[in-house]
Amino acid sequence: MSIKSLVILFSGEGTNLENIIKKLHKKEFNGVGIEVALAITNNPNANGIKRAKRYGVDVKIIDHKNFATREEFDKALVTAIKIVDPNLVVLAGFMRILTPIFTSNIKNAINIHPSLLPLFKGANAIEASFKSQMRVAGVTVHMVSKELDSGKILDQCCFHRGDESFEEFKKKIHQLEYKLYPEVIKKILLKDTFD
Ligand code: GRF
């Protein structure tokens with residue numbers, strides 16, 4: 001059995017992190033074993049730390065506040081990732097803007113964004129798509145590239161809007177994330193391609 005490894009980056013609640021661990025960590029699919037080798041957070045108070053540890057996944061804290069510049073922080077992040085040398089780097093609620101230090105060194109990274117890109121890039125995507133006139137809403141998995149939320153789109157998933165409250169809307173978005181992200185990760189690892 002071949003083993004494919006993941007490094008997951010997160011910053012806060014970590015529900016996507018936990019969902020990916022639950023569905024993929026130490027599981028085998030068509031003779032391919034998947035392992036979350038390491039989770040890395042920039043936030044020492046992130047709830048995701050407890051979630052990862054509950055499943056026995058190692059967590060490394062690289063607090064961005066200990067670095068004078070984004071570049072210095074990214075250097076430390078790249079070094080930590082390269083030590084593991086994972087098949088795939090998964091950003092799951094990682095709330096840091098990355099510099100070319102990261103994007104030119106780590107070419108196998110993907111992210112999930114809670115809108116139908118290229119619409120509603122940036123930090124307030126759920127609010128922006130809720131307030132918009134769009135009759136559908138959804139989520140996007142994309143490659144990480146040097147421009148924020150702009151890398152190659154790998155997959156998307158959406159729902160037709162009804163008269164949901166904001167809370168209901170947000171819940172539907174998160175449910176789509178939990179469904180789509182592990183599927184895309186699995187497909188990349190099993191097929192060995194981002195195409
Ligand atoms: C998710 O909605 C993700 O798309 C966005 O940040 C949120 C993270 O939530 N980038 P969690 O930490 O996975 O619970």
Side-chain angles (χ1 to χ4, degrees), residues 6-25 36 38-55 57-64 70 73-74 77 88-99 102-103 106 109-132 134 136-159 161 164-186 188:
L6 299 176
V7 166
I8 303 180
L9 310 186
F10 68 101
S11 295
E13 200 45 56
T15 60
N16 278 283
L17 165 84
E18 180 169 3
N19 177 60
I20 294 163
I21 295 173
K22 229 192 255 174
K23 291 186 177 154
L24 303 181
H25 182 54
V36 181
L38 182 67
I40 303 177
T41 183
N42 62 302
N43 173 10
N45 301 313
N47 249 337
I49 297 172
K50 284 189 225 116
R51 294 182 192 265
K53 289 192 171 165
R54 224 179 276 149
Y55 296 85
V57 169
D58 280 346
V59 180
K60 185 174 177 61
I61 300 169
I62 306 177
D63 187 346
H64 64 275
R70 285 190 189 278
F73 169 74
D74 279 6
L77 193 55
L88 185 66
V89 177
V90 173
L91 276 63
F94 186 65
M95 307 308 274
R96 297 293 300 165
I97 292 174
L98 295 163
T99 71
F102 184 95
T103 52
I106 306 291
I110 63 173
N111 182 41
I112 189 153
H113 185 75
S115 78
L116 291 171
L117 289 173
L119 294 173
F120 315 122
K121 294 177 182 176
N124 298 313
I126 302 183
E127 289 84 344
S129 69
F130 179 74
K131 284 183 186 153
S132 79
M134 295 277 295
V136 290
V139 303
T140 303
V141 178
H142 63 92
M143 301 292 306
V144 173
S145 68
K146 60 182 193 304
E147 243 184 281
L148 185 69
D149 300 331
S150 300
K152 178 183 171 187
I153 292 177
L154 299 174
D155 210 348
Q156 294 177 306
C157 206
C158 68
F159 64 91
R161 295 177 65 180
E164 300 89 4
S165 66
F166 180 61
E167 282 313 308
E168 289 162 346
F169 182 87
K170 209 158 73 176
K171 198 165 165 205
K172 284 192 178 180
I173 292 287
H174 290 311
Q175 293 307 325
L176 289 187
E177 292 187 320
Y178 304 149
K179 181 172 174 287
L180 184 68
Y181 214 7
E183 281 172 6
V184 176
I185 293 167
K186 206 164 89 180
I188 293 168

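Counting convention: from 1, in listed order, for ligands and their atoms alike.
- Partner Leu17 forms a side chain to side chain contact (heavy atoms under 4.5 Å, CB included) with one of Thr41, Leu9, Asn47, Ile8 and no other, that one being Ile8.
- A donor-acceptor contact closer than 3.5 angstrom links the side chains of Lys121 and Ser150.
- For the pair Gly14 and ligand 1, the shortest N or O to N or O distance falls below 3.5 Å.
- Atom 14 (O) of ligand 1 has as its closest protein heavy atom Thr15 OG1, 2.5 Å.
- Close approach of ligand 1 to Pro114 is summarised as follows: ligand atoms under 4.0 Å from at least one heavy atom of the residue are 4 (O).
- Which parts of ligand 1 touch Gly93 is read off a 4.0 Å heavy-atom cut-off, strictly below it: atoms 6 (O), 8 (C), 10 (N).
- Proximity to His174 (heavy-atom distance under 4.0 Å) selects the following atoms of ligand 1: 2 (O).
- Numbered from 1 in the order shown, with element, the atoms of ligand 1 that lie under 4.0 Å from a heavy atom of Ile112 read 4 (O), 10 (N).
- Nearest protein neighbour of atom 9 (O) of ligand 1, counting heavy atoms only, is Asn16 ND2, 3.9 Å.
- A salt bridge does not link Glu127 to Lys170: none of the charged nitrogens lies less than 4.0 Å from a carboxylate oxygen.
- In this pair, Phe94 and Phe73 present their aromatic rings parallel. The plane angle is below 30°, not in the 30 to 60° band.
- Geometrically, ligand 1 and Glu177 share a nitrogen or oxygen pair separated by less than 3.5 Å.
- With 3.5 Å as the limit, one finds a donor-acceptor pair spanning the side chains of Thr99 and Asp74.
- Within 6.0 Å of NZ on Lys60 lie no more than 12 heavy atoms contributed by other residues, nucleotides or ligands.
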